[in-house]
A.B. asks: 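Sharing a structure below in structure tokens format, with a few things to ask.
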Amino acid sequence: MLFLAFVAPNLVLLAVFSYWPIIYNGYLSLTSWDLLSPTKTFVGLANYVDMFTDPDFRAVLWRTLYFSGGIVVVSMVAGLAVALLLNQKLRGTHAVRTMAFAPHIVSGAAIGTVWLFIFDPTYGLLKAILAPFGIGSPAWMTDSAWALPGLVIVYLWKTVGFVAVVYLAGLQGLPADLYEAAKIDGAGTWTLFRRLTLPLLSPVTFFVAVTAIIGSFQAFDVIAVMTDGGPGGATKILSWYIYEQAFRAFDAGHAGAASIVMFVILLLITGAQARFMERRVHYR
């Protein structure tokens, strides 16, 4: 009873703010409702059938995978590289660490506004940087071929610093005696990195991978400021699709079904990661 008394407040909060919204959203996905009428019409799996037979929704899924995959893979590689640099005993590393982490805490609206100026093909900073090399800046946010890669660049700028700081914390916690023993045995820099650093950082890598995937699927604020899902739907990923269905088309059923699809995708990805990494994650 004492145990239940201690855990009850947390269980109530989880039930009200985590589990109940998922259950209610699942119910909404089986209905037809415009968010305004007092009654909801039960339609079963019709919303799911409509979505998966809609070419636009399939394109949304592919764009989401492209967007998320680009952010996760590049941010992890670049973040680890930055962390290795920041882990060196160099002057000014504390200031660099602060600057690297700063984009992660800046609001998405501010980031989107700044990068709209950087990407502007007429007056933007990127145009000024590329001009001396005779290279023109593409119309990043108005060209459907460049809009999604441009958003990936922006989110990488926002994410890499966070990943680097997390990796840096992991690097600074590695046991120095193992490295000293390996160096005595003649191990070089690459061998140390491959045989010691990467395996010892596997718990950090697992954490970063899971949080980066979930964060990329939840991307919204920068898209709202920079592209509004355009041009021509080129940056409409799953999170934006859910927003459009719910608050522009006033279709709670399709929005709920798309939310359940996102939940299932994230659940499967996280489960697969846990399964794949369970023999590769080394906890000291």
A.B. asks: Applying side chain to side chain contact (heavy atoms under 4.5 Å, CB included), can you list everything that pairs with Ser144, at least two apart in sequence or on another chain?
C.D. replies: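 Pro231, Ala234.
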A.B. asks: So, do His254 and Ile242 sit near enough that their side-chain heavy atoms are less than 4.5 Å apart?
C.D. replies: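 With C-beta onward as the side chain, the pair stays apart.
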A.B. asks: Please tabulate, for side-chain N and O atoms in residues 163-188, each donor-acceptor pair with protein atoms closer than 3.5 Å (sequence neighbours left out).
C.D. replies:
{"residue": "Tyr167", "atom": "OH", "partner": "Thr205", "partner atom": "OG1", "Å": "3.0"}
{"residue": "Tyr179", "atom": "OH", "partner": "Thr197", "partner atom": "OG1", "Å": "2.7"}

A.B. asks: Can a donor-acceptor pair be found between the side chains of Ser68 and Ser216 at a distance below 3.5 Å?
C.D. replies: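 Ser68 vs Ser216: donor-acceptor pair found between side chains.
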A.B. asks: Are any non-hydrogen side-chain atoms of Leu14 and Ser18 less than 4.5 angstrom apart?
C.D. replies: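 When only atoms from C-beta onward are counted, Ser18 and Leu14 do touch, with a gap below 4.5 Å.
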A.B. asks: The criterion is ring-ring contact (aromatic ring centres under 6.0 Å, His included); which residues satisfy it with Phe207, sequence neighbours excluded?
C.D. replies: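 Per chain and number, Phe207 pairs via ring-ring contact (aromatic ring centres under 6.0 Å, His included) with no residue.
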A.B. asks: Side-chain contact test, heavy atoms from C-beta onward, threshold under 4.5 Å: evaluate it for Tyr48 versus Leu30 and give yes or no.
C.D. replies: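 A side-chain contact under 4.5 Å exists here.
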A.B. asks: With no hydrogens and no angle check, is any side-chain donor or acceptor of Asp34 less than 3.5 Å from a backbone partner on Asp251?
C.D. replies: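 Such a contact is absent between Asp34 side chain and Asp251 backbone.
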A.B. asks: Quick check: do Val261 and Met51 have side-chain heavy atoms less than 4.5 Å from each other?
C.D. replies: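 Yes, close enough: below the 4.5 Å cut-off.
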A.B. asks: When the aromatic ring centroids of Trp20 and Tyr24 are compared, is their separation below 6.0 Å?
C.D. replies: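 Yes, ring centres under 6.0 Å apart.
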A.B. asks: Counting only heavy atoms not in Phe220 (residues, nucleotides, ligands), do more than 12 fall under 6.0 Å from its CZ?
C.D. replies: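 Correct, the count exceeds 12.
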A.B. asks: Output the distance between atom CD1 (Ile22) and atom CD1 (Ile260), rounded to the nearest 0.5 Å.
C.D. replies: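 With rounding to 0.5 Å, CD1 (Ile22) is 7.5 Å from CD1 (Ile260).
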A.B. asks: In terms of hydrophobic clusters joined by side-chain contacts under 4.5 Å, are Tyr27 and Val43 together?
C.D. replies: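 Not linked; separate clusters.
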A.B. asks: Backbone N or O of Ala257 within a donor-acceptor pair of the Asn47 side chain at under 3.5 Å?
C.D. replies: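 Absent.
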A.B. asks: Rounded to the nearest 0.5 Å, what separates atom CE in Met226 from atom OG1 in Thr235?
C.D. replies: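 Spacing of CE (Met226) from OG1 (Thr235) equals 9.5 Å.
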A.B. asks: Kindly determine whether Asp50 and Asp54 satisfy side chain to side chain contact (heavy atoms under 4.5 Å, CB included), including the steps that lead there.
C.D. replies: CA-CA 6 Å; Asp50 289 345; Asp54 182 6; over 6 Å; no
A.B. asks: Taking ring-ring contact (aromatic ring centres under 6.0 Å, His included) as the definition, give me every residue that meets it alongside Phe57, ordered by chain and number, with sequence neighbours left out.
C.D. replies: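 ring-ring contact (aromatic ring centres under 6.0 Å, His included) list for Phe57, sorted by chain: Phe52, Tyr241.
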A.B. asks: Just list the side-chain donor-acceptor pairs under 3.5 Å for residues 107-127, sequence neighbours left out, or say none.
C.D. replies:
{"residue": "Ser107", "atom": "OG", "partner": "Ala110", "partner atom": "N", "Å": "3.3"}
{"residue": "Thr113", "atom": "OG1", "partner": "Ala109", "partner atom": "O", "Å": "2.8"}
{"residue": "Asp120", "atom": "OD1", "partner": "Thr122", "partner atom": "N", "Å": "2.8"}
{"residue": "Asp120", "atom": "OD1", "partner": "Tyr123", "partner atom": "N", "Å": "2.8"}

A.B. asks: Between Thr270 (side chain only) and Leu267 (backbone N and O only), is there a donor and an acceptor less than 3.5 Å apart?
C.D. replies: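 Side chain of Thr270 to backbone of Leu267, a donor-acceptor pair under 3.5 Å: no, none is there.
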A.B. asks: Mind checking whether Pro149 and Tyr66 have side chains closer than 4.5 Å, heavy atoms only?
C.D. replies: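 The answer is yes, as the side chains (C-beta and beyond) meet within the 4.5 Å cut-off.
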A.B. asks: Applying side chain to side chain contact (heavy atoms under 4.5 Å, CB included), run through Met262 and Ser239 and close with a yes or a no.
C.D. replies: CA-CA 8 Å; Met262 177 187 285; Ser239 59; 4.1 Å; yes
A.B. asks: Give the table of side-chain donor-acceptor pairs shorter than 3.5 Å for residues 70-88, with sequence neighbours excluded, one pair per line with atom names and distance.
C.D. replies:
{"residue": "Ser75", "atom": "OG", "partner": "Ile71", "partner atom": "O", "Å": "2.6"}
{"residue": "Ser75", "atom": "OG", "partner": "Val72", "partner atom": "O", "Å": "3.2"}
{"residue": "Gln88", "atom": "NE2", "partner": "Leu84", "partner atom": "O", "Å": "3.0"}

A.B. asks: Determine the minimum heavy-atom distance between Ser202 and Pro199, stating which atoms define it.
C.D. replies: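 Heavy atoms of Ser202 and Pro199 come nearest at OG-O, 2.6 Å.
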A.B. asks: Not counting sequence neighbours, which residues clear ring-ring contact (aromatic ring centres under 6.0 Å, His included) with Phe42? List them please.
C.D. replies: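 For Phe42, no residue satisfies ring-ring contact (aromatic ring centres under 6.0 Å, His included) once neighbours in sequence are set aside.
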A.B. asks: Could you go through the salt bridge (Lys or Arg N to Asp or Glu O under 4.0 Å) check for Arg248 and Asp228 one step at a time?
C.D. replies: CA-CA 12 Å; Arg248 291 188 175 178; Asp228 199 40; 2.8 Å; yes
A.B. asks: Scan residues 217-226 for pairs that pass side-chain hydrogen bond (donor to acceptor under 3.5 Å, both in side chains), counting only residues two or more places apart or in two chains.
C.D. replies: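 Only Tyr155-Asp221 qualify under side-chain hydrogen bond (donor to acceptor under 3.5 Å, both in side chains).
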A.B. asks: Determine whether Val106 and Ile153 fall in the same hydrophobic cluster, where Ile, Leu, Val, Met, Phe, Trp and Tyr are linked whenever their side-chain heavy atoms lie under 4.5 Å apart.
C.D. replies: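 Looking at the clustering, Ile153 is in the same group as Val106.
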A.B. asks: Main chain of Leu156, side chain of Thr159: is a donor-acceptor contact present, judged purely on distance under 3.5 Å?
C.D. replies: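 The answer is no, because no donor-acceptor pair under 3.5 Å joins these two groups.
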A.B. asks: Considering residues at least two apart in sequence or located in another chain, which fulfil the side chain to side chain contact (heavy atoms under 4.5 Å, CB included) criterion with Ala252?
C.D. replies: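 Ala252 satisfies side chain to side chain contact (heavy atoms under 4.5 Å, CB included) with Trp33, Leu35 only.
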A.B. asks: Is it true that a side-chain atom of Arg195 and a backbone atom of Trp190 form a donor plus acceptor pair closer than 3.5 Å?
C.D. replies: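 Checking the backbone N and O of Trp190 against the side chain of Arg195, no donor-acceptor pair under 3.5 Å is found.
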A.B. asks: Other hydrophobic cluster members with Leu13, side-chain heavy atoms of Ile/Leu/Val/Met/Phe/Trp/Tyr under 4.5 Å, chained?
C.D. replies: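 Besides Leu13, the hydrophobic cluster comprises Val12, Val16, Phe17, listed by chain and residue number.
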A.B. asks: Are the side chains of Leu61 and Leu65 in touch, meaning some heavy atoms are under 4.5 Å apart?
C.D. replies: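 In short, these two side chains do not touch, never coming nearer than 4.5 Å.
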A.B. asks: Where is the tightest heavy-atom contact between Ala128 and Pro132, given as atom of each residue plus distance?
C.D. replies: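 Closest approach of Ala128 to Pro132: O-CD, 3.2 Å.
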A.B. asks: Test of understanding: with salt bridge (charged side-chain N to carboxylate O under 4.0 Å, His left out), list the residues that count as partners of Lys236, not counting sequence neighbours.
C.D. replies: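 Applying salt bridge (charged side-chain N to carboxylate O under 4.0 Å, His left out) to Lys236 gives Asp56, Glu244.
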A.B. asks: Quick check: are there more than 12 heavy atoms from other residues, nucleotides or ligands sitting under 6.0 Å from CZ of Phe247?
C.D. replies: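 Atom CZ in Phe247 is not crowded, with 12 or fewer foreign heavy atoms closer than 6.0 Å.
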A.B. asks: Do Asp143 and Pro138 come within less than 4.5 Å of each other through their side chains, counting heavy atoms only?
C.D. replies: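 Asp143 does not reach Pro138 side chain to side chain.
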A.B. asks: Among Val264, Ile265, Leu266, whose side chain to side chain contact (heavy atoms under 4.5 Å, CB included) with Leu268 holds?
C.D. replies: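 Testing Leu268 for a side chain to side chain contact (heavy atoms under 4.5 Å, CB included) against Val264, Ile265, Leu266 leaves exactly one candidate, Val264.
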A.B. asks: Any idea which heavy atoms bring Gly230 and Ala147 closest together, and the distance?
C.D. replies: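 Answer, listing the atom of Gly230 first, then Ala147: O-CB, 4.2 Å.
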A.B. asks: Closest approach of Thr211 and Val208, non-hydrogen atoms and distance?
C.D. replies: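 It is OG1-O, 3.1 Å.
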A.B. asks: For residues Phe67 and Ala219, report the shortest heavy-atom separation together with the two atoms involved.
C.D. replies: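 Minimum heavy-atom separation between Phe67 and Ala219: CE2-CB, 3.6 Å.
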A.B. asks: Is the shortest side-chain heavy-atom distance between Thr31 and Leu28 below 4.5 Å?
C.D. replies: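 A side-chain contact exists here, since the closest heavy-atom pair is under 4.5 Å.
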A.B. asks: Rounded at 0.5 Å granularity, tell me how far CD1 in Ile237 sits from OG1 in Thr64.
C.D. replies: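 The CD1 atom of Ile237 sits 5.5 Å away from the OG1 atom of Thr64.
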A.B. asks: If the condition is ring-ring contact (aromatic ring centres under 6.0 Å, His included), which residues does Trp146 pass it with, not counting sequence neighbours?
C.D. replies: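 Once residues adjacent in sequence are excluded, the partners of Trp146 under the ring-ring contact (aromatic ring centres under 6.0 Å, His included) criterion are Trp140.
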